[in-house]
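This report refers to the structure that appears directly beneath it.
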Amino acid sequence: MKFAVITFPGSNCDRDVYHVTKEVLEQPTDMIWYNDKLDLSSYDCVILPGGFSYGDYLRAGAIARFSPLMESVTGYAKDGGLVLGICNGFQILLEAGLLPGAMKVNDSLKFVCKYTKLKVINAGTPFTNRYSKGEILNIPVAHREGNYYIDDEGLAELIANNQIVVKYLDDEENPNGSVVNIAGICNKEGNVFGLMPHPERCAESILGDGSKDGYELFASILDYVNKRGEKCG
Amino acid sequence: MKWKVRIEIMLKENILDPQGKAVKGGLNALGYKNVADVHVGKYMELIIADTDNQEDVNKQVDEMCQRLLANPVIEDYTFQVEKMEG
Amino acid sequence: MAEKPWESEGLTKEEYDMIIDILGREPNKTELGMYGVMWSEHCSYKNSKPVLKRFPTEGKHVLQGPGENAGIIDIGDNQAISFKIESHNHPSAIEPYQGAATGVGGIIRDIFTMGARPIASLNSLRFGELDDEHVRYLFAGVVEGIAGYGNCIGIPTVAGEVYFSNAYKGNPLVNAMCVGIMDHEDISTGRAAGVGNPVMVVGAATGRDGIQGASFASDELTEESEEDRPAVQVGDPFMEKLLLEASLELIKTGALVGIQDMGAAGLTSSASEMASRGGTGIELDIDLVPKREEGMTPYEVMLSESQERMLVVPKKGKEKLVKEIFSKWGLHAAVIGKVTGDGMIRVLNKGEVVAEVPARSLADDAPVYQRESRRPDYLDEVQNYDLSRLIEPTDYNQSLLEVLGSPNIASKEWVYQQYDHMVLVNTVVLPGSDAAVLRIKGTKKGLAMTTDGNGRYCYLDPERGGAIAVAEAARNIVCSGAKPLAITDGLNFGNPMDPEIFWQFEKSVDGISQACRALNTPVTGGNVSFYNESPEGAIYPTPVIGMVGLLEDINLATTHHFKDEEDIIILLGETKEELGGSEYLKVVHNLEVGRIPELDLGLEKKVQETCLEAIKAGIVKSAHDCSDGGLAVNLAESCISSGLGARIKIETDLPPAALLFSESQSRIVITVTKDNLAKVEELAKKHAIPFTKLGEVMGDRLIINNLIDLEVEEMKRRWQESIPSRMEE
């Protein structure tokens, strides 16, 4: 399968994601510059990485969503392509309206970088099929604007459609004050997924506290794409 | 003609404002016990040139707020337009 | 011109006369301004140069020693490491967020101008005590500023140290270090060579930021300093991220002759230093410099300290390539002049000469002063304080909890959780252990890095304190499984015109030099910050050591937390009755006195070699430097971070307080499985170092003889809540 990792001005996890899909998962990966408006249909998954696109100077992700390539990403997502937004990438997906809700500053008003315990709520997505429902994951966060907000009506809809994919384990583990401990959500169709934690930071056991829980997320995508290929072929 | 636009962006009233909460706590701790509530928002100034009609400016700024400057999911905005001399 | 024109530029009458001698005429305002900043201590090291020559700067790994933007060491496989530490104390005292942020930004630029991709940031911070509201404001602002800049630009802040003492109340210390990695062929220098080559300014536009910041850094802080806020620059990490990527892309093309950060003293320093190193001159027209503000004078353009700018000299004909690369990243690149052969910095304004001075005279020929030096009177009193009169505590559990709860010893989680310490996916050992360890992608190797300094020790004995800082840094590197390679030094002192302060400075440098020679870790560069004084007096003399080490095998990276029950706990080295200058004395007896611990550099080296050999043999499960807080704190920390207890039984004649809290040097605590105990004992014998079996990892309590018996959870609470509880007041 083939990954695309998008670099916006100010992205800083683009090389990290590239490292994981290319070197760890050993799949062909292209890094794509934000200013190119191109056809993404040859890719099996497009990843919007973390960082501070445009310095996050207005709101996280607010300016990046208007970059030329985001039009391509929107079209790609509408056609059912797999889109993964991590941290700042998640924020961009919210700003672009590809996912519902918005991000506020963390309740602590501080940047927070640490491992957090997550609970898998929906293991049926293309991004989480190697996990099981209720499984506890250990994946680090690193953000200052990760306080996910959605109104009650929107929340009810998320729940009804099983769009909440991962939650922080409990209030204590919630690093930012997000609504009902939401850490990551997908769209109704399930092909667009955004999350605040950084799976690319725990895809190799040598790093940090040794968690490899993030690897399984990328491997899920690979499995899904391979299976889809078999069906089609 | 040139126009000066002053825009205020605030979190919607029903949305918890952690920054405002922290500032209120700080003021109370300094002894200003009568500070009952604080909201922190953003303030921006724009200078719009080459537009003659204030209505057009209003329309354009409203659109800017909708599309980029504010996030309508969580933020409200207000703005004032003032004609600049010269 | 004013009556004494030199005064407003911070120069003396003698220095003014020297300038007239050099030029053969009176300098104009712009020229005088250029000399003012370049001959300030911050840029010229005029008060410290003769002393800094005492540092050992050569070694077989050293590819670039002091004198460039940063030092470079070889790590094999055609790769090299560039690293340096720099202070931003005065700006941080005035505006903590921006002061710290621009400090981080400046040192990062120094590293990528060498051609290295920055992979890690570290820092060393000093503040007053946290019971003071203004101190809390400074502390919170500095940490947020470091985080704000480092997190945004995407360079992990992986290690550091923070200490609190009233000596820093009016003058905090903010030293930032950056480490970068590169292939040998990408090594770049700040050299303007090749007459006729274009000179370009790239990055941000020039405004009136921080004019005379370099002179500002060479003054004492006064009450009025807070009014000097315009002198503080504002950082733009987003801009610097773009500048970093564009610069590295440009360096890769091979089209560059030289590149230099425009930091302190801006265009003046970058142009004169590049020309001086290249043995050339530079002619530039300030009209061509992209500006952010209108009506800037030549003086202002030449002295502006606007951040996120670089001066580059490409090969002739490559101007377009430079512009293309920078424009891809949305940045300016403008030709402002050319390299000349006459050795002059010639500044034009729309073709008219507004300043013309020899480059060398600015960059290298500043006057050098051998300052007077005198042993301070306070030393006898503090060193001869009779510690034998001290009363032993009645409850050692209570004493240990108090020491663990001291913000100097307590968990720094409140700090490092605000730093992104994982971006770039290299962080193998997380903050909180002895040294940070990063893997080097594509190899089996790793890098260990740390910052260390002890101002209190240096106040009580600057020479030994300086040596201990190096020894402790090396011990931290070794405990993480790496071989120490080289250091960078951040030397923070008071006013060098005060002979007693200058003595502290000289002695510290001597101590650092001795330890660097003994441990084979040359000095590859660094920074001197004088005038760290406030109305309350000078800071403690505070040399900070930034050290980098190499792990041949990243799988041998070692942490300090205990691993498994029944592992045997071993002390390498020996505990002596050395409570002078200890954290225990400060916390329990409210004293900062005494003779600081002895340092036998021969023993130090052997202890480190033993530990490293054991780690390389693959038998060490945890290793932890025994220093601040003593053996009890060392053991408590390994318990707290693992959640495991330990049972310790030590035969000793030492008084209990000394056994627990003495800060004797050259000690490392390691754990091994029972089966490997004999192997370690053999190694210790081979290296002829003291070896003691202390006990074993066991249960959920720390028990030391009949002195300490505490639940790990209870210790953890005290240690963890200390800083957050003070900051949430």
Side-chain angles (χ1 to χ4, degrees), chain A residues 8 53-67 70-71 74 88 90-112 143-155 157-158 171 174-182 185 194, chain B residues 3-30 32 35-49 51 57-81:
Chain A
F8 297 98
S53 55
Y54 296 92
D56 277 0
Y57 286 154
L58 182 62
R59 289 181 311 279
I63 301 177
R65 64 155 288 208
F66 288 105
S67 54
M70 276 311 289
E71 256 179 72
T74 304
N88 195 233
F90 183 18
Q91 293 159 341
I92 295 170
L93 292 175
L94 293 174
E95 286 282 343
L98 287 170
L99 291 172
M103 282 301 172
K104 296 193 300 174
V105 172
N106 297 349
D107 275 353
S108 67
L109 303 178
K110 289 188 176 69
F111 190 96
V112 56
H143 59 254
R144 192 174 170 275
E145 281 180 63
N147 187 349
Y148 179 77
Y149 173 82
I150 192 163
D151 60 21
D152 292 344
E153 206 179 312
L155 181 62
E157 208 172 311
L158 283 184
D171 291 351
N174 184 339
N176 49 43
S178 65
V179 166
V180 299
N181 299 329
I182 284 175
I185 57 167
Chain B
W3 307 83
K4 185 158 208 165
V5 184
R6 297 184 167 86
I7 307 173
E8 266 179 31
I9 299 168
M10 303 291 292
L11 279 179
K12 285 183 173 168
E13 219 162 281
N14 58 341
I15 289 179
L16 180 77
D17 171 10
Q19 231 170 320
K21 228 172 79 183
V23 173
K24 175 179 177 280
L27 288 171
N28 291 158
L30 284 175
Y32 301 104
V35 176
D37 210 354
V38 176
H39 290 275
V40 176
K42 285 184 199 133
Y43 173 77
M44 299 176 199
E45 283 185 359
L46 275 56
I47 290 170
I48 309 272
T51 313
V57 178
N58 282 340
K59 221 180 116 197
Q60 215 184 13
V61 172
D62 193 61
E63 196 182 293
M64 290 177 195
C65 288
Q66 286 281 351
R67 293 185 66 194
L68 176 64
L69 301 180
N71 181 348
V73 180
I74 47 171
E75 292 169 330
D76 286 331
Y77 57 86
T78 56
F79 60 86
Q80 296 164 323
V81 178

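To find a chain, count down the sequence lines: A is the first, B the second, and so on, and within it residues start at 1.
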Which region of L16(B), side chain (C-beta onward) or backbone (N, CA, C, O), has a non-hydrogen atom less than 4.5 Å from a non-hydrogen atom of chain A, or is it both or neither? both
When the 4.5 angstrom heavy-atom criterion is applied to K21(B) and chain A, the contacting part is neither
When rounded to the nearest 0.5 angstrom, what distance separates [atom1] in [X] from [atom2] in [Y]?
{"X": "R67(B)", "Y": "R65(A)", "atom1": "CZ", "atom2": "CZ", "answer": "7.0 Å"}
{"X": "I74(B)", "Y": "M103(A)", "atom1": "CD1", "atom2": "CE", "answer": "9.5 Å"}
{"X": "Y149(A)", "Y": "L11(B)", "atom1": "OH", "atom2": "CG", "answer": "9.5 Å"}

Can you say whether I63(A) sits under 4.5 Å from chain B via the side chain, the backbone, both, or neither, judging by heavy atoms?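 Both the backbone and the side chain of I63(A) come within 4.5 Å of chain B.
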Region of N106(A) in contact with chain B, defined by heavy-atom distances below 4.5 Å: backbone
Are there over 12 heavy-atom neighbours, none belonging to [X], within less than 6.0 Å of that residue's [atom1]?
{"X": "E153(A)", "atom1": "CD", "result": "no"}
{"X": "K59(B)", "atom1": "NZ", "result": "no"}
{"X": "Q66(B)", "atom1": "CD", "result": "yes"}
{"X": "Y32(B)", "atom1": "OH", "result": "no"}

Are the side chains of L58(A) and M44(B) in touch, meaning some heavy atoms are under 4.5 Å apart? yes
Between A22(B) and L109(A) the two heavy atoms that sit nearest each other are CB-CD1, 3.4 Å
Search all heavy atoms of R59(A) against all heavy atoms of L68(B) and return the closest pair with its distance. NH2-O, 2.8 Å
